[in-house]
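Because only heavy atoms are used, hydrogens play no part in the values below, and waters and symmetry mates are left out as well, while side chains stay in. Numbers here simply count residues along the sequence, with the first being 1.
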Amino acid sequence: MMDKKTALYDRHIELGGKMVSFAGHHMPVQFPKGILEEHKLVREQAGMFDCSHMGEARLDGPDALKNVNNLFSNSFDSMKDGSCRYSLMLYEDGGCIDDLIVYRRNQDSYYLVINASNAAKDVDWIRDHLIGDVQLTDMCDDYSQIAAQGPASLKISEIVSGTPLPTKYYTFTENVVIAGVDCFVSRTGYTGSFGYELFMPNEGATAVWDALLAIGVEPCGLGSRDTLRTEAALPLYGHEISEVIDPLTAGLDFAVKMDKPDFIGKAGLIKRGTPSKKRVGVKVIGRGVIRDHQDIYDGDKKVGFVSSGTFMAWINASAGMAFVEPELAVLGNKLEVDVRGRRVPVEIVPLPFYNTARDIPIL
């Protein structure tokens, strides 16, 4: 099957984006400034990412709340209209199908924003497990998403008409008009920096993109998006969560409400028992860059693996997230990573390496 082009494909080509195949789409991995400069740009100013490859869906109906509580591991009873909540979607055995963000419009209506790589799988799973009086709308092919991240993204307020931008972290507003396009906008993101995620019909994406460019928000690609999310210790499917790695092993207990009456995967998590690994931060001592899926050793004993490793431009160090045996997950503990046959010493450090997403910047 040929890769899809997002509504912003031509803009990426015009701006010199290096295009790659990702999650069934042609996506820019970087622009001419390069990954390290894009990373710093998001930390110090503002960058924007085309996230239109991600999936959106909507649940409507009298049993919408019952369904989000049954389908996902978090609890949604206490959500207020206009709020967002992170959650996991689990198989019956407790393994992760994906993580996602649930947006509450009202008690009978919720947006779901899901992972790019798993969008079709996720929507099919949700459709197959609906209960009661609820309707699922698959919006994946009709909506575009632009994530404007970095302290200067606050300047978006200068080009907004209609409803103001959301002010609180993990909230959203609808009918935010940017460049004449009706968007819904959330104070969320996937970089650890202050920012917004903008959702709009495909036909309005280029107008919004151009309006952001005009106020100095620069284009960034998937490469810096990954180094930024690793620096912020944000999980990615296939790395920190998977069919094998359940959310309790990944340290995502805050999004798993075991005191809820029931949800798909609860019995499986109970059956799995105490996790045999724990997610930690690891930072290289000396030289070397650690990468995803490299093994970790304590002496001659293999005790874990790196789930996401890279060079982080803001902290100016090679570091990452890893899973190790719980008794070794002690801050300051020294271990070694096998980097292509060479042992690189690492130290266990706190997570995240960087996160100011909640703070409203002063411009």
Side-chain angles (χ1 to χ4, degrees), residues 18 29-31 33-47 49 147 149-152 189-195 218 220-241 245 250-252 277-299 302-326 328-359 361:
K18 181 181 179 182
V29 67
Q30 66 178 70
F31 288 87
K33 284 191 172 182
I35 292 173
L36 294 180
E37 288 304 313
E38 291 173 18
H39 187 117
K40 294 177 184 175
L41 184 75
V42 170
R43 293 288 183 244
E44 297 172 340
Q45 301 174 47
F49 303 86
Q149 298 281 288
Y190 197 50
T191 65
S193 286
F194 176 92
E218 298 193 38
C220 299
L222 294 175
S224 59
R225 185 171 168 83
D226 189 58
T227 59
L228 288 158
R229 73 94 192 162
T230 303
E231 204 169 61
L234 296 170
L236 175 65
Y237 187 85
H239 294 253
E240 285 71 43
I241 55 173
I245 306 172
L252 301 173
K277 291 284 192 298
K278 184 174 181 179
R279 182 164 63 113
V280 296
V282 289
K283 186 176 179 179
V284 171
I285 305 168
R287 300 182 61 185
V289 178
I290 57 174
R291 298 294 185 189
D292 309 355
H293 309 306
Q294 292 174 335
D295 293 329
I296 297 180
Y297 287 84
D298 181 22
K302 187 163 74 174
V303 295
F305 62 94
V306 177
S307 54
S308 296
T310 186
F311 180 81
M312 300 179 186
W314 184 256
I315 67 169
N316 193 32
S318 173
M321 291 178 277
F323 287 87
V324 298
E325 295 176 1
L328 297 173
V330 179
L331 294 180
N333 199 17
K334 307 291 194 302
L335 299 169
E336 291 179 322
V337 176
D338 186 329
V339 179
R340 296 187 296 277
R342 182 172 70 91
R343 293 290 182 89
V344 172
V346 297
E347 178 181 354
I348 294 182
V349 296
L351 291 174
F353 301 96
Y354 182 95
N355 195 337
T356 62
R358 290 176 179 271
D359 303 329

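Closest of all the heavy-atom pairs between Arg279 and Ala250 is NE-O, 2.6 Å. Smallest separation of non-hydrogen atoms from Glu38 and Phe31: OE2-N, 2.7 Å. The minimum heavy-atom distance between Arg343 and Pro345, with the atom names listed, is O-CD, 3.8 Å. Heavy-atom minimum distance, Leu41 versus Gly47: CD2-CA, 4.3 Å. Among all heavy-atom pairs drawn from Thr191 and Phe49, the shortest one is CG2-CE1, 4.1 Å. Closest heavy-atom contact between Ser193 and Tyr354: OG-CE2, 3.9 Å.
The shortest distance between side-chain heavy atoms of Ser224 and Val42 does not fall below 4.5 Å. In this structure, Val339 and Ile290 have side chains that are in contact, with non-hydrogen atoms separated by less than 4.5 Å. Using a 4.5 Å heavy-atom cutoff, the side chains of Arg291 and Thr310 are in contact. No side-chain heavy atom of Val282 sits under 4.5 Å from any side-chain heavy atom of Leu335. Looking at heavy atoms from C-beta onward, Gln149 lies out of side-chain contact with Tyr190 at the 4.5 angstrom threshold.
Within the model, atoms NZ of Lys283 and OG of Ser318 stand 10.0 Å from one another, a figure rounded to the nearest 0.5 Å. Here the NZ-CH2 distance, from Lys40 to Trp314, works out to 9.0 Å after rounding to the nearest 0.5 Å. A distance of 13.0 Å separates CD of Gln294 from CD of Glu336, quoted to the nearest 0.5 Å.
In terms of modelled atom types and a separation under 3.5 Å, the side chain of Asp295 and the main chain of Phe305 share no donor-acceptor contact. When atom types are taken as modelled, the side chain of Glu37 and the backbone of Gly34 share no donor-acceptor pair closer than 3.5 angstrom. Asn333 places no side-chain N or O within donor-acceptor distance of the main-chain N or O of Ile348, the cut-off being under 3.5 Å.
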Exercise. Any chance you could lay out the side-chain contact (heavy atoms from CB on, under 4.5 Å) test for Leu228 and Arg43, step after step, and finish with the verdict?
Key: CA-CA 9 Å; Leu228 288 158; Arg43 293 288 183 244; 3.4 Å; yes
Exercise. Start with the C-alpha distance between Val337 and Val306, add both sets of side-chain angles, then the distance that settles side-chain contact (heavy atoms from CB on, under 4.5 Å), and finish with yes or no.
Key: CA-CA 8 Å; Val337 176; Val306 177; 4.0 Å; yes
Exercise. Applying side-chain contact (heavy atoms from CB on, under 4.5 Å), run through Thr227 and Glu231 and close with a yes or a no.
Key: CA-CA 6 Å; Thr227 59; Glu231 204 169 61; over 6 Å; no
Quiz item: Would Leu36 and Phe311 count as a side-chain contact (heavy atoms from CB on, under 4.5 Å) if you check the C-alpha gap in whole Å, the side-chain angles of each, and the deciding distance to 0.1 Å?
Solution: CA-CA 9 Å; Leu36 294 180; Phe311 180 81; 4.0 Å; yes
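With Ser307 as the partner, the side-chain hydrogen bond (donor to acceptor under 3.5 Å, both in side chains) test is satisfied by one option alone out of Glu240, Lys277, His239: Glu240.
Counting non-hydrogen atoms of other residues, nucleotides and ligands closer than 6.0 Å to CZ of Arg340 gives a total of 12 or fewer.
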